[in-house]
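The structure appears right after this line, and notes come after that.
Bear in mind the structure is a predicted one, so any value in this text is a computation, not a measurement. Counting from 1, the numbers follow the sequence of the chain as shown.
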Amino acid sequence: MHSAGQGRPRTLRQAPPRVQPRRGPGDVLAGLGALVLLVALVGGVPYALLRFAGPPISPELLDLDLLTSSVGPSTIMAVLVVFVWLAWLQLAVCVVVEVYAGVRQVGMPARVPLSGGTQALANKLVSAVLLLFTAGAVVVPIAAMAAPPAPPPMTAVAFTAPVVEQPEEARQSKKVYVVQPPHGRHHESLWEIAEKCLGDGRRYPEIFKLNQHKEQPDGARLRMADLIRPGWVLDMPDDARNTHVVPATQARTQTLEDHPAKPGGGERAIVRDHVDRSATQKQGVAKPEVRDSRPQDSVQMQPAADGLELVDFLAGASLAAAGLLAVLGRRRREQLWHRLFGHRVVRPRGDAAEVEVALRLGADAPGARILDLGLRLLGAELAAANRTPPTVYGAHLSARTLDLWIHPPDGDPPAPWTVKDGGQVWRLAAHEGRLLEDQPGGAPYPGLVSIGTDQSGRVLVDLEAAQGLINIRGPQTTAALAALAVELATNRWSDGMRITLVGFGEELTAIAPDRIRAVGSLAAALPELEATAAPRQEVLTGRITGRPRDAHYLLSAVAPTHEEARRLALLARNDTAGYVVTGDVPHATWTWEITEDGLARIPELGFEVTAQLLPRRHYRALIELFRTADRMDGEVIPEAQPLVDLHPPAVEIRLLGPLQVVGPEPMEQGRMALATELLVYLATHPGGVHPVVLGGVLWPRGVQAMVRDATIARVADWLGPRHLRTDQAGRLTLGPDVRTDWVLFRELVRRSHDDPTARALLLERALGLVSGPLLSGRPEGRYAWLAGDELEYDVSAEVADAAHRLCELRLAEGDPDAAIAAVRAGLLLATDDESLWRDLLRATHATGDLGRLRAVVEGLTRRSASHPHSGGMAPETEALIDELLPSWRLHVVRESTA
C-alpha cells in the first residue's frame, strides 16, 4: 500500500455490514412463486412418481431375462421412470448446493457435473427464495446493537473525487482491486469481492468478464471464475467501492507494479491509512476529504498501526523470538522473587509491549527444541562411534524437517538422521525430533544462526564453517548484525558463548550480559581474540566429548584497516571462531550482501532469502522490554471497582483456570475459540472496545473488515443483543449479565478487607474460584495481546496475595493444614511466585512432620532444576530451607550422584 505522500490516487473505504434495500411487491411475489415451484419440484415430483409410477428401480429391470428377451411397453416405461428419477435427483443435488452456498455465503456455488441448465434453474429459484427470507438479515445482529436510530456514514478517504459528483474526473480513471491473502481457512472469491465492492455477490460475472485472460503478477491468467489467487490485481466496474483508483490510460504492467500484494488485508489497510493521512498533513500535502463515523481517537488508532510494523519484522524471527522469550522468562522469575505484597511486577508499555506481542506471535519454541536436541544427539552419537562431526555450512528448518548441508558428503548419518542427495544433506524428520528427550551431550554447532527465511522455512549458516572472514555489505548491515547478535546470545543450541560486538550493540548487554561484550574498535578486540584462539579440530572434539570450549564470535559494524584485516584473516583460517566484518574486505571466504529491499544473499553458498533484520526502532523497543524486566521495584495494583450483585450471571467467562464460557449453548466446532477470545477481551476491557481496535487485537497480522464484522455479528447473534451491545461512540461492550470469575474474585477479596469476622471465609471462597493457570487450555498462537495487558500481571499477583493472607490467618488460628490448602490453591495459578513456596515451607514446618517437610523441599528442588526458564531458587527460599531443614543439601547431593 502506497503512502499518501507518494501522491498516487487511491480510495479506501471501510465497508459496514451491508443493509439490503427494502423488498418491493414484485420481489415478494417472485419469491413466493419461486418457493412454491421449488417445493413442487423437490417434494411434489418424487411424491407423484412414487404414487403413480412406483420406485426408481422396478422388478422388470431386476429380471436378468431382460437381456435376452424382447422389450415390451412395461419395460420401456420402467426405463423412462428411471430417467425421470435421475433428472429429479440431479435437480435436488443442484438445489442443495445452491442453498448451501447462499446460506453459508461461501462465494460461488460448487459446480455439479453435467448440470449446466438444471443448476442455472436451481440458482434462480434459490436466489429468489433466499432474497425473500434473508434480505437485510445479515446486518440484524449489528443493527440491533447500535444505539443511534440511523447509522452515520462510514469512513471514506478519497484522493480522487467520487464518480457521481465529478463524472469528468471519473472517466479519466479506473478502479482495481488486489485479492487479499487468506486468513486461516478463509480465501476470497469473486462472489465475496462483488459483495464487498459492488454490494451484490451476484454481480461477480461483471468482474470475471473484465479480467478474463488478463495477465496477473504471477504470470497466470483468469480462466475460471472460481479460481483466483491472492495478489492478483482485478479491474473493477466504475461503481465499485473499497478499491484503488488508477489513471485510465495507465498500462496494466505499471498497474501490477504499483499494486503488489501485501499481507494483512483490508483492516490493516484502513489502520495504516489513518497514519498515512497524518504523515501527509505534516508534509504539507493537501488534506484529503474525510468522512468518518468512528471515534477520531489517536490513542486507539496510532498504537495499532505502530504495532503492526513491529509484528511484521519481529514475528518472523521465530528462533530468535523463542530464545528471547526464554531469557525474558528468567528475568520475570527474578522480578517475582522481589515482588512485594500488594504490588505486581513492572509490565512493559508502548513499543516494548508490542515487541513482546510480536515475540509471542512469532516464537518457534518447538523448532528451537528440535534444533537443539537434534544437534546434541547427533554429536553424542558421533562421539560414541569415535567419529569427527562433519562441517555443517548451512541448515534449513521447516515444519516438516531439519536439514543439515554438510561438506564433504557423507552417506552414513547416525539414526534417527537420514541421508539425502547422495550424502550432501542429513535430515531429521520433525516427528522424530519431537520425540527426542533431553540430551546430555555437548552442542556441536553453536555458530548456527538464522540469516532469513524462504518460502518453506528458516535458513541458517554456521559462522565457523566459513573458516575465513565473512564480509557483510549493504545498506542494512547494522540491522542484520543486530539480529545475528540477538539470536546468537539467546539460542538454546549453544553451551558456552562469547560475542564481541564492534561499533554497535552496547545496549544488547542488557539482554545477555554473560555472553555479549561491546567495544568501540577492532584494535580493542583483536588482542583477546588472538590470545584465546584454538584449533578447530580440538574444539569440535571437545564439544562432543563433554569438554566444551566457549565459542567466540566477532560481529563488526566497523570496517577494518588493512593491518586489522590481515590479522583477522590469519585468525579466521586457524581458529574455530566466526568473524563477520563490514566494509570492503579482500579475500573474504563468504560475501554476505543485504540488499535495500531486504534480501540476504551469499553467492558462495547459493543462498538468497528474506533477510532477518532488527531495524533501529525494533532494536530500541527490544532493549526497553528487557530494561523493564530488570526493574525490581514493582507497581502498586490498582483497586478493583465494586461489584454490587454477587448472584450467578447469565453468562460467566471463566479465566482462573481452564478457559470456559458458561451459559449459552456452545457454538459450532471451529468458531468457538475465536468467539471466546473476543468475549475475554471485551470482558477484561469494560470501558468498551471499538471494532477496529478489536480487529487488531484478534488478528494482529491484519484482517478484512467484512471478516471482522461477520465475526462480531456471529457472536452477537450467539449471545443475544442484551449481552453484546454498541455504545454511542461505536464501542462494543458486554451487558451487566455477563461476568468473569476474575471480577468475582476481586470483589470477594475487596470485601474481605472490610470484614474481619468473615475475612478467612471470603478469601477461601475467592481462592475456590481458582482451578489452574490463567486461561489454561487456550489455543496456541492466540492471546498474544496479554503481553501488553494488565490482566496477566494483576491476576498472578492478587491470587498470590490472597493465598498468602489466608495462609497467615490459618497459621494464626493454629490450623497449618488449612494454611497449606490455601497456599496450594494459590500455586495452581501463581506457580512461579516463590513467596508462596516459602509460605508452603513455613506451613508444612508448622505441622511438625519432618518427612512431609522433606517431601516439599525435594519437590521444590526438582521443580527449580527442571524449570523451563531455569534460574534455580530465589536466595530467600534457599535461606529459609537452610533454617527449617539444615540437612536438605545432603539429600540433594545424594540424589544427583545416584
So with a 6.0 Å cut-off around CZ of R400, is the heavy-atom count from everything else above 12?
-> no
R620 atom CZ, neighbour heavy-atom count above 12 within 6.0 Å = no
Main-chain N/O of [Y] paired to [X] side chain as donor or acceptor, under 3.5 Å:
X    : Y    : value
N491 : A320 : no
E593 : G474 : no
Q612 : V449 : no
R369 : L436 : yes
W426 : D410 : yes
W493 : L448 : yes

Start with the C-alpha gap between V581 and E564, add the side-chain angles, then the distance that decides, and say whether side chain to side chain contact (heavy atoms under 4.5 Å, CB included) holds.
-> CA-CA 11 Å; V581 184; E564 289 168 344; over 6 Å; no
Please tabulate, for side-chain N and O atoms in residues 501-513, each donor-acceptor pair with protein atoms closer than 3.5 Å (sequence neighbours left out).
| from | atom 1 | to | atom 2 | distance (Å) |
| --- | --- | --- | --- | --- |
| E507 | OE1 | Y619 | OH | 2.5 |
| T509 | OG1 | E506 | O | 2.8 |

Does [X] come within less than 4.0 Å of [Y], counting only side-chain N to carboxylate O?
X    : Y    : answer
R458 : D364 : no
R566 : E563 : yes
R473 : D584 : yes
E792 : R360 : yes

Assess the side chains of Y553 and E464: does a donor N or O sit below 3.5 Å from an acceptor N or O?
-> yes
For the [atom1] atom of [X] and the [atom2] atom of [Y], what is their distance to the nearest 0.5 Å?
X    : Y    : atom1 : atom2 : value
I499 : E487 : CD1   : CD    : 10.5 Å
R333 : R330 : CZ    : CZ    : 10.5 Å
H244 : T255 : NE2   : OG1   : 11.0 Å
T477 : N471 : OG1   : CG    : 10.0 Å
L555 : I472 : CG    : CD1   : 8.5 Å
I451 : L605 : CD1   : CG    : 7.5 Å

Does [X] reach the side chain of [Y], with side-chain heavy atoms less than 4.5 Å apart?
X    : Y    : value
E624 : D351 : no
L404 : L378 : yes
L460 : Y445 : no
L377 : L428 : no
L324 : V355 : no
R332 : L328 : yes
D412 : V419 : no
S494 : L488 : no

Residues E381, R387; criterion side chain to side chain contact (heavy atoms under 4.5 Å, CB included); working and verdict | CA-CA 9 Å; E381 293 294 323; R387 294 172 59 187; over 6 Å; no
Could you name each residue pair satisfying side chain to side chain donor-acceptor pair (under 3.5 Å) that touches residues 514-527, not counting sequence neighbours?
-> R517-E528
Listed partners of D372 passing side-chain hydrogen bond (donor to acceptor under 3.5 Å, both in side chains), at least two apart = R376, R492
Verify whether the ring centers belonging to W405 and F607 lie closer than 6.0 Å.
-> yes
Using every non-hydrogen atom in the two residues, find where [X] and [Y] come nearest and quote the distance to one decimal.
X    : Y    : answer
E356 : P348 : OE1-CG, 3.6 Å
P446 : A443 : CD-O, 3.6 Å
V357 : G788 : CG2-N, 4.3 Å
A600 : I594 : CB-CD1, 3.9 Å
T591 : E604 : N-OE1, 3.1 Å
S450 : L484 : O-CD2, 3.7 Å

When L469 is tested against each of L568, L554, V580, T589 for side-chain contact (heavy atoms from CB on, under 4.5 Å), which residue passes?
-> L568
Before giving the answer on side chain to side chain contact (heavy atoms under 4.5 Å, CB included), spell out for L463 and W590 the whole-Å C-alpha distance, their side-chain angles and the decisive distance to 0.1 Å.
-> CA-CA 10 Å; L463 301 182; W590 297 346; 5.6 Å; no
Do L522 and R567 pass the side chain to side chain contact (heavy atoms under 4.5 Å, CB included) test, and can you show the C-alpha distance, the side-chain angles, and the key distance before you say yes or no?
-> CA-CA 10 Å; L522 284 167; R567 291 168 66 184; over 6 Å; no
